[in-house]
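When reading the values below, keep in mind they use all heavy atoms of this one structure, side chains included, and skip hydrogens, waters and symmetry mates. In each ligand, atom 1 is the first atom listed, and ligand 1 is the first ligand listed.
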Amino acid sequence: MEPELSSVILVKHLERHNLMNGKLIFTKDQKSFPVYNPATMDIIGEAPESDFETVHQAVEFAYESQKNWRKVDAQKRGYLLLRCVDLLEKHSEELARLMSLETGKAIRTESRVEVSAFINALRFYSGLGLELKGETVPFNPDMLTITIREPVGVVGAIIPWNVPLLLMAFKIGPAIIAGNTVVLKSAEQAPFTVLRAAELMNTILPEGVLNVISGDGPNCGAALVTHPKVKKITFTGSVEAGRSVYQLASEKLIPVTLELGGKSAMIVSDDVNIDRAVDGAFASMRFTRQGQSCSAASRIFVHENIFDEFLKRLKQKLNVLKIDDPMDETSDVGCMISSEQYERVQRYIEIGKNSQNAEAHECGVLPNDPNLKKGLFVRPVLFTGLSNQHQLCQEEIFGPVACLISWRDYDEVIDQANDTNYGLAATIWTNDFHRALDAVHRLEAGFVQINQNIVVQPGLSYGGMKNSGLGKEASTESMLEHFTHKKTIIANLKSIK
Ligand code: NAI
Ligand code: MG
């Protein structure tokens, strides 16, 4: 382990910087915005509000660097990424602490887990160099007809704040291995952990392969999307921003992958072990992350025969959570990311409470430490009595709020699960093998699981249907499909002397 740098010192080192062409660049004359510790609402530092000119510089560096990077053999690219992985691993505690500071995520249950998932994802990509294979086609005996996989060029990546490092890995990993260079725009709320990880990686990668800039969405993000030398966009965030990105990119006719929101259904039959299903709901709702997850099982359909018992046990589980200082080893849950998200979630909770027949089951206790009194802590809330048509069951809340809906008829519950604009994830819990298989075929979602709610795994394609997005991430196939261009080559083998 390297000696751990205190998060405060690190932020001082990183603030008001972008990372371009291998170096941290101080943005002296640039506007900036404050970054908060959401557990106290103290400002921890300033991050640059990069303008069009800065985006342009970053893209130019990436563009120049790509000319050489694409010629580095693919295994060597993987070897360099593997060396990054080793270095990041040595700094994992430092990255986890920095993440907890700027996102409010609990260090033990969330930040360390994410740093480890980030490193694992990059390790997975580092081994994919030799998978960049093409095909041979038996077109004509006198001709050699092949396809090869080429990099697309400069990739623009835009990430949100909820799992910044993991999403960084899913974007830069495939891009870099496939011979592209990257300009990544961090999220306004969480710029520092991503910048620090990129700084470490830049001690190993050639200059300009990985550039990270901080800025807002409508200006900086949009400038990245529209820049003529950016040849692919990979975006994770809200449906609204995703649509805007897609529209802008369509002008340039470049490929786009979008990983957007969700309103995932979990269907629990009455033949299951209730404790196991409750554990699954707990994990899938990411209650330890204050529910800030795109795949959160925020609509939990429980068979009427076990509904009351399921609710009772889930409440018991939530009631003993320690919601407290994100940096404290004993905290199970930290706080939400920003006042904006906090208020948004409170609005939804109010709407729910004021709805007919609704009952709000608020669980756990808020911290009583006076230092945290301004912190954005929210108690988990389970709503019962709402129909699937209700606003809380149709709109993404992105907070620790789940709706429990009782069901009796299997066909009806499948219809209800599919009755949403989203289609990211879904789960069926049952011991009836035929029902489980039937459900996985009928559920309209990109990621469907039986009797478990595990999170995205490197190697398995991840991405949604409907408004949840376009394209997949996290797998070998998605690297080939979304981060390379397939070129067809025909060589005439007959002599033309
Ligand atoms: P957002 O979609 O506005 O921000 C995500 C990223 O997109 C940030 O880097 C932001 O700067 C960028 N961005 C925003 N507008 C853009 C534009 N017009 N062009 C280019 N880039 C743009 O998400 P926000 O405001 O932070 O959260 C709002 C809601 O979005 C959440 O409550 C949640 O429902 C959803 N969301 C979904 C996420 C997911 O994992 N799919 C992650 C974060 C938010
Ligand atoms: Mg936004």
Shortest protein heavy-atom distance from [atom], along with the residue and atom involved:
| atom | answer |
| --- | --- |
| atom 15 (N) of ligand 1 | A241 CB, 3.4 Å |
| atom 38 (C) of ligand 1 | F398 CZ, 3.5 Å |
| atom 12 (C) of ligand 1 | I158 CG2, 3.6 Å |
| atom 8 (C) of ligand 1 | I159 O, 3.5 Å |
| atom 31 (C) of ligand 1 | Q341 NE2, 3.5 Å |

Under 3.5 Å, is there a donor-acceptor pair linking the side chains of [X] and [Y]?
| X | Y | value |
| --- | --- | --- |
| D51 | Q30 | yes |
| Y348 | E395 | yes |
| S264 | S295 | no |

Return yes if some donor-acceptor pair links the side-chain N/O of [X] with the main-chain N/O of [Y] below 3.5 Å, else return no.
| X | Y | value |
| --- | --- | --- |
| E473 | K171 | no |
| K105 | I337 | no |
| D324 | D328 | no |

Does the N or O separation between [X] and ligand 1 drop below 3.5 Å for any pair?
| X | result |
| --- | --- |
| G237 | yes |
| E396 | yes |
| G217 | yes |

- request: May I ask which of S338, P164, C220, S238 has a heavy atom nearer to atom 2 (O) of ligand 1 than the others do?
  value: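 Closest candidate by heavy-atom distance is S238.
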message: At under 4.0 Å between heavy atoms, is it the side chain or the backbone of R344 that contacts ligand 1, or both, or neither?
response: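 Near ligand 1, R344 shows its side chain, while the N, CA, C and O stay back.
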- request: Using a 4.0 Å heavy-atom threshold (strictly under), name the region of Q292 that reaches ligand 1: side chain, backbone, both or neither.
  value: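 Within the 4.0 Å criterion, Q292 makes no contact with ligand 1.
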Atoms of ligand 1, numbered as shown, that sit under 4.0 Å from any heavy atom of V245: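 Contacts of ligand 1 toward V245, numbered from 1: 19 (N), 20 (C).
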- prompt: Numbering the atoms of ligand 1 from 1, which are under 4.0 Å from a heavy atom of L260?
  reply: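 Contacts of ligand 1 toward L260, numbered from 1: 41 (N).
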message: Tell me whether atom 26 (O) of ligand 1 lies less than 4.0 Å from at least one protein heavy-atom position.
response: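 Answer yes: something from the protein, a heavy atom, is under 4.0 Å.
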query: Does atom 19 (N) of ligand 1 have a protein non-hydrogen atom under 4.0 Å from it?
result: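 Within 4.0 Å: yes, protein heavy atom nearby.
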- prompt: Hey, would you say the W69 and Y63 ring centroids sit under 6.0 Å apart?
  reply: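 Not under 6.0 Å, so no.
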